[in-house]
Amino acid sequence: MSPVGAVLWRSLRAHQVYGANTDVGKTIVSTVLCNAVQRLKSQDQAAFLKPVSTGPLDDADDRHIQRHAAGTLTKCLYQFDEPVSPHIAAQQKKFTIPRDDDIVASVHKTLSDWAGSGVNFALVETAGGVHSPGPNGNSQADLYRPLRLPIVLVADSRLGGISSSISAYESLLLRGYDVHSVLLFRDEYYKNHEYLLNYFQKKCIPLVPLPSPPPKPSVQDADSLARDEEAMTTYYGRVAQETDVASLLQQLSSKNAERIDRLESMASRAHDTIWYPFTQHHGMEAKDITPIDSAYDDYFQTFVGSDESQHENKLRATFDGSASWWTQGLGHGNPSLALSAAYAAGRYGHVMFPGNIHEPALSLAELLIESIGNPRLRKVFYTDNGSTGMEVAVKMGLRAACDRYGWDASQEQISILGLKGSYHGDTIGVMDCSEPSTFNKKVEWYRGRGYWFDFPQVKMSQGVWKVEIPENLRESLGSGLEFSSLDEIFDMEERLQSAAGKRYQDYIRNTIQDLVHQHRMKFGSLIMEPIILGAGGMLFCDPLFQRCLVEVVRGHPELFDTSAAKSAKDHPVATSWSGLPVIFDEVFTGLYRLGRKSSASFLQVDSDVSVNAKLLTGGLLPLCTTMASNEIFQAFSSPEKSDALLHGHSYTAHAVGCQVAVDSLQTMMQMENSGSWDGYRQDWKPTRSDSPATLSARDSPDVWSVWSHGLVSDLSHAPSVDGVFAIGTVLSISLKDVQGGGYTSTAARGLQQRLSTSDGEFNVHSRVLGNVLYLMSSVTSQPEALRSIEGLLREALL
């Protein structure tokens, strides 16, 4: 099923009617509004949609509209006979319970059909209260959220109604709904309308009190029902005379038009005021900027621009193919995370951290230490993003090395070891930890302090997994290798003993020895992005090469200082660092981005310092953790304040971010433990045609992706594709480029353009890194949605 987008038309003002509670008169309010539309503007057509109705057919809400709002189009999508909650009524039906996606899609189609047939005003009425469950037991506030219709809230005039009405409003607000109006019945005893009028006026939301309707007959015989019908007819006539519903309708119409006008002007206003990151503004025009009205699950709701038709939906579902710069883990607009943030904001706001502790920061630190799977990491340092977290990591690593080896960094340059194409952020310090590139070489303070190894890369080409050796390394490392599965590539223990493993280690050891002894370089840390180097171009490093780097650095401390061998004997503990502190930048690759909690686990080696961000808060708030060993921590311990790690931010350990991170991590861990991704794992099991070595991993494949194995294989045969890989939520496609590729390549722009201009019901937002186009999903993405994206890729490339 294709994803359903939100809805917005100039010609059709569509609203969703929610009740603060059950039996608050939603259908009466809907009837009042539909009557007003029919009465005030004869050329306007009103419509009423009841997605889910329970109870006898004669009492159905759409039947009430038919009797008392003549001329209104009505429709009910799913009718259940039992007068109980929809989730109970649906279970008692013998046919299949409609999925939430099906209900939302049916609502979307109905409104779209009405918009194209001259309907000007439509109400979509829910059942019960805001959080009354739908047929599948999910809250209606979540069920209908993909549509994000503006809300007409029917408040509760009864005892306790003030509380339930405000609670309902806040629940809707928490989910990103816009409440456009509030209506309720007058009650001269409780006078809820007076209190709520003042409450909502402060929020610039109009409230219209209505006369109380006649009481329902206590006896359900024919005469009583007839008198009730007559009384209701009289009541609606009275409402038309005594209330100014016309002004409310005008306000609703104005808000609809203003919303579209704002969206239409956003691109030009942004072009005038915004300086975008990673963007060359020369030649950039307003039309190149995409206004986003909202986001939910894996999709942006993007504004599609002005057109002559008043009946075209102005919003379109756009798959967030970059996971919003790699941050989305649990989907946009996740209500659980929003509630976590609201709780922490209400409990703390932000509180000063040094010398203090609050529960979210402590809970997150303990959760990471206990669950990350690295026994070395015992201390957690908080920052606000990956770049600053890496700044801290570099300070930690260099201090530890200088402290052990007695180096004075003020008198000599201490460099780092890394990989070509690495990227650790845009702050000045960590820029120097990457080789000269498009990102940094024109930054005036950039110096580039290190040595960066070129390395073998992994890709699938022509249906075969290949480890390709750069041409300049083939004399040392040999020719490329081929494998039948990713599992074989990640079999570290087997491959370490192979001829390739020996060549890798010999090359690395000889290179470091030459750098230290011939070029007089001193190194303070080994810094790597495990498995995939993200911003450098989605470079899939042969994991054996990264493992060998760690093995050589730790196994040969004498390479870095003549006293290192003796120093290593002074630190016999298994978790002590040797040679150099090993820093893993898991900002992009960590926390289930690659299908595992820690991408370092693929290498079967533990770092001394590890940095996590991006998925840490599930895509909701900026937060970063730099975790370190006790031994690294002790390098900063002395009687002198100046020896401390003097680094921090005003919002260090932001309580809201920490609370969200705790809940986000626990959710992802529960998904892993409950087998939520077993379907994807099954798809990536080695086939019986694979080699016997691969078949041993069939029952428990270690490496898998949410992107289908068949897609990766098929794309690897595409004429324009140089190589492709998928792991975890990441799919990377390298396009052939006669100019050689690289960050400045434009080879992937054509594919990016085809995905963004798809003629279907949705399109794809994607980012390119030179000749590489990548897509990634959330860990909560549904297979049906991903297969739809794969269909677009097949159309574009095969």
Side-chain angles (χ1 to χ4, degrees), residues 2 318-319 321-323 421 456-470 480-486 488-489 532-534 536-542 594 680 683-684 686-687 689-690 703-760 762-777 781 783-798:
S2 297
T318 298
F319 180 76
S322 69
Q457 293 186 42
V458 178
K459 68 179 183 181
M460 178 179 275
S461 178
Q462 300 299 309
V464 177
W465 287 105
K466 299 180 179 180
V467 173
E468 291 194 340
I469 310 295
L481 303 169
E482 295 187 355
F483 298 87
S484 60
S485 73
L486 277 179
E488 286 189 6
I489 292 175
I532 298 177
L533 285 67
M538 292 296 160
L539 309 176
F540 188 171
C541 179
D542 182 359
L594 304 186
Y680 301 125
D683 178 53
W684 279 78
T687 63
S689 61
D690 291 332
V703 192
W704 56 274
S705 175
V706 301
W707 304 97
S708 67
H709 186 275
L711 173 79
V712 174
S713 179
D714 291 345
L715 294 186
S716 76
H717 292 279
S720 61
V721 172
D722 178 62
V724 60
F725 71 80
I727 180 170
T729 65
V730 180
L731 171 68
S732 176
I733 306 169
S734 297
L735 281 301
K736 293 178 180 177
D737 186 352
V738 294
Q739 302 299 322
Y743 187 76
T744 58
S745 169
T746 60
R749 295 284 175 83
L751 176 58
Q752 182 186 36
Q753 183 71 14
R754 288 195 292 275
L755 294 176
S756 67
T757 57
S758 169
D759 294 331
F762 71 101
N763 63 340
V764 177
H765 162 83
S766 61
R767 300 281 294 181
V768 297
L769 294 165
N771 64 314
V772 175
L773 181 139
Y774 68 85
L775 294 176
M776 63 184 71
S777 71
S781 297
E784 298 87 348
L786 296 179
R787 301 301 87 88
S788 296
I789 309 300
E790 293 182 5
L792 294 182
L793 286 170
R794 291 177 183 278
E795 291 176 9
L797 292 172
L798 298 176

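In terms of heavy-atom proximity, S777 sits nearest to A323 at O-CB, 4.3 Å. Residues K736 and P719 share a closest heavy-atom pair of NZ-O, 3.0 Å. Contact detail for L539 and G421: the closest heavy-atom pair is CD1-CA, 4.2 Å. Considering all non-hydrogen atoms of both residues, V712 and A726 come closest at CG2-CB, 3.6 Å. When all heavy atoms of C541 and L533 are compared, the closest pair comes out as CB-CD1, 4.2 Å. Among all heavy-atom pairs drawn from H717 and S713, the shortest one is CD2-O, 3.0 Å.
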Checklist line | Pair F725-I532, side-chain contact (heavy atoms from CB on, under 4.5 Å): steps then yes or no | finding: CA-CA 11 Å; F725 71 80; I532 298 177; 3.6 Å; yes
Notebook entry, point to check: Can you check side-chain hydrogen bond (donor to acceptor under 3.5 Å, both in side chains) on N763 and T318, steps first, answer last?
Noted result: CA-CA 5 Å; N763 63 340; T318 298; 2.6 Å; yes
Checklist line | Residue pair I733, L793: steps toward the side-chain contact (heavy atoms from CB on, under 4.5 Å) verdict | finding: CA-CA 10 Å; I733 306 169; L793 286 170; 4.0 Å; yes
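At a threshold of 4.5 Å between non-hydrogen side-chain atoms, the residues N771 and D722 do not count as touching. Annotation: side chain of V706 is not in contact with side chain of S781 (no heavy-atom distance under 4.5 Å). The closest side-chain heavy-atom distance from S788 to F762 is below 4.5 Å. For the pair L486 and F540, the minimum side-chain heavy-atom distance is below 4.5 Å. In this structure the side chain of L731 never reaches within 4.5 angstrom of the side chain of S705, judged on heavy atoms. Between W707 and I789, the closest side-chain pair of non-hydrogen atoms falls below 4.5 Å. Put simply, the side chain of L735 does not reach to within 4.5 Å of the side chain of V768, judged on heavy atoms. Side-chain contact between K466 and M460 is absent, with no heavy-atom pair separated by less than 4.5 Å.
Atom CD of residue Q457 and atom CD1 of residue I469 lie 10.0 Å apart, to the nearest 0.5 angstrom. To the nearest 0.5 Å, atoms NE2 (H765) and CD (Q752) are separated by 8.0 Å. Here OG of S720 is found 11.5 Å from CG of D737. Values are rounded to the nearest 0.5 Å. Here the straight-line distance linking atom CD1 of I727 with atom CE of M538 works out to 12.0 Å at 0.5 Å rounding. Separation of atoms CE (M776) and CG (L594) is listed at 9.0 Å; rounding is to 0.5 Å. Interatomic distance, S766 OG to R749 CZ, rounded to the nearest 0.5 Å: 10.5 Å.
Counting only distance, with no hydrogens or angles, the side chain of T757 and the backbone of Q753 share a donor-acceptor pair below 3.5 Å. Under a 3.5 Å cut-off, the side chain of E790 and the backbone N or O of S708 do form a donor-acceptor pair. A donor-acceptor pair is defined here as one N or O able to donate and one able to accept, closer than 3.5 Å; such a pair exists between the side chain of S716 and the backbone of G463.
In this structure, E784 does not pair ionically with R787, as no charged nitrogen and carboxylate oxygen lie closer than 4.0 Å.
Classified by interplanar angle (parallel below 30°, tilted 30° to 60°, perpendicular above 60°), the ring pair W465/W684 is tilted.
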